Amino acid sequence: MARSLIILPAFDEEAALPDTLSELLAACPGIDVVVVDDGSSDRTAAVAEAAGAIVLRLPFNLGVGSAVRTGLHYAVDQGYERAVRLDADGQHDPADVARLLAALDDGADLAIGSRFAPGSGGYDVGPGRRRAMGALRWLLRAATGRRFADTTSGFWAFGPRSLALLARRYPAEFLADTVEALMIVLTDGPKVVEVPVTMRQRQRGQASTRRFRLVLDYLRLVVGIAAAASRRGRRTTLRDGS
Amino acid sequence: VSDRAHVLVLVATIAVVVWILRLVRAQHLRSKYALLWLAIAVLLIPLGTFPELLEPVADAAGVDYAPTAFLLAALGFLFLVVVHLTRELSRLETRSRTVAEELALLRRRVDELEADG
């Protein structure tokens, strides 16, 4: 079986990490776990190390995109062929890791753990966020012609091709790290699938999203999608022309 | 424009020139930016002294009131400067981000090497 690495971006997650890590190690025996400490002010790094994870410490808070990119970079450097990225707060069920990896076995190169695909347990979001997510779905569909039920999932499995691609080009900004990353992979062309997953309640700690910031993040993302879409068009014409 | 205003503009311009030169000397300002602001100052000194120099320029641009032409040009120029700065800032942010990410990876590598002993 291909060597896989689990990547957990973590910012001030000392409360949730021990449970998340012990569950992960129990559910995925023999798999390596790297915790990317995104400039936490608490004992995230120490807790992760004690639980047996490899720890990468960013010198200051760079945001989840950078944390994931650092993890992907590490995976490529160390010769892993696959990586799974999930949240450190325990919302993602470690049992689903195997299902995402199975999707890679079936020929996909990127598997998205989808909260809204048929067969997932569903996920309750407020009306504002639901509308914003709907808008993103529509935008992504307009830009790429493909429909994804869950465009902002934080639970992904990367095959060799998307791993190598995104280790270099993973977008750093919040939200862009999922939607824009998805566009980058789709442009490159490997097979992308959605796998239904079931979300759980946050175990401990605080959700990192604030209302006003979220609105700004969504607006910025629209600009990012438009930019990525225009690059996409240019690349296609170049390829056609050659 | 009164003589007093002339003197004020000249004094302010010269003060800016002195300030820029001091910043360059203290290595607080890259010389490419210093050059930009010094060029602006050199342009402003004759304009401040002889405002009527503006008239033909304003006429050519089709602006009746010369000071308006001046303000418009100044605004446009400042806009370009700000866009340029945000671009520089974006580039710097990307670079410092990459450096920080590399640092995390290197730190890990050093820890490993030290553990190997």
Side-chain angles (χ1 to χ4, degrees), chain A residues 5 7-11 32-40 44-46 48-50 52-80 83 85 163 166-174 176-177 180-181 220 223-224 227, chain B residues 19-20 22-37 39-40 61 68-69 71-117:
Chain A
L5 177 72
I7 299 168
L8 295 176
F11 175 58
D32 293 335
V33 180
V34 62
V35 170
V36 186
D37 175 9
D38 188 11
S40 300
T44 294
E49 213 141 56
I54 301 158
V55 178
L56 300 172
R57 278 168 300 158
L58 289 165
F60 40 83
N61 185 254
L62 286 172
V64 63
S66 265
V68 171
R69 187 163 63 186
T70 308
L72 294 174
H73 208 135
Y74 180 77
V76 170
D77 284 352
Q78 300 293 316
Y80 291 94
R85 168 248 148 124
L163 181 61
L166 290 175
R168 279 182 289 116
R169 297 195 31 210
Y170 205 76
E173 278 150 332
F174 177 62
D177 65 298
E180 278 187 57
R220 208 191 46 220
V223 177
Chain B
W19 184 39
I20 300 285
R22 286 178 59 121
L23 284 179
V24 175
R25 218 175 58 163
Q27 296 185 317
H28 288 169
L29 193 64
R30 290 278 302 277
S31 46
K32 61 176 172 177
Y33 295 117
L35 202 64
L36 173 74
W37 295 120
I40 296 302
T68 309
L71 285 177
L72 202 67
L75 206 66
F77 172 74
L78 288 179
F79 171 74
L80 290 179
V81 169
V82 170
V83 171
H84 171 72
L85 287 181
T86 47
R87 195 185 111 180
E88 289 277 280
L89 196 63
S90 305
R91 213 184 50 158
L92 286 175
E93 205 187 302
T94 306
R95 287 186 172 182
S96 66
R97 190 176 283 281
T98 308
V99 169
E101 291 171 13
E102 290 280 330
L103 181 67
L105 294 165
L106 288 175
R107 219 196 269 197
R108 165 76 195 168
R109 188 83 191 110
V110 168
D111 287 350
E112 277 171 4
L113 290 173
E114 281 183 342
D116 288 348

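Both backbone and side-chain heavy atoms feed into the values below; hydrogens, waters and symmetry mates do not. It should be emphasised that the depicted structure is a prediction, and the values quoted were computed from it without experimental measurement. Numbered from 1 within each chain, the chains take letters A, B, ... in sequence-line order.
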Which bit of V55(A) comes within less than 4.5 Å of chain B, counting heavy atoms only: side chain, backbone, both or neither? backbone

The side chain to side chain donor-acceptor pair (under 3.5 Å) partners of R168(A) (sequence neighbours excluded) come to none

Residue by residue, which of residues 72-79 of chain A have a heavy atom closer than 4.5 Å to a heavy atom belonging to chain B? H73(A), Y74(A), D77(A)

Residues in side chain to side chain donor-acceptor pair (under 3.5 Å) with D111(B), at least two apart? R57(A)

Take W19(B) and L29(B) through the test side-chain contact (heavy atoms from CB on, under 4.5 Å) and record every step on the way to the result. CA-CA 11 Å; W19(B) 184 39; L29(B) 193 64; over 6 Å; no

Let me know which of V64(A), V36(A), L166(A) forms a side-chain contact (heavy atoms from CB on, under 4.5 Å) with R85(A). V64(A)

Is R107(B) close to chain A through its backbone or its side chain, or both, or neither, when contacts mean heavy atoms under 4.5 Å? side chain

Could you pull out all residues at least two apart from R91(B) that satisfy salt bridge (Lys or Arg N to Asp or Glu O under 4.0 Å)? E88(B)

Please determine whether a side-chain nitrogen of the Lys or Arg among E93(B) and R97(B) lies less than 4.0 Å from a carboxylate oxygen of the Asp or Glu. yes

Specify the closest pair of heavy atoms between Y80(A) and L163(A), including all atoms of both residues, with the distance to one decimal. O-CD2, 3.5 Å

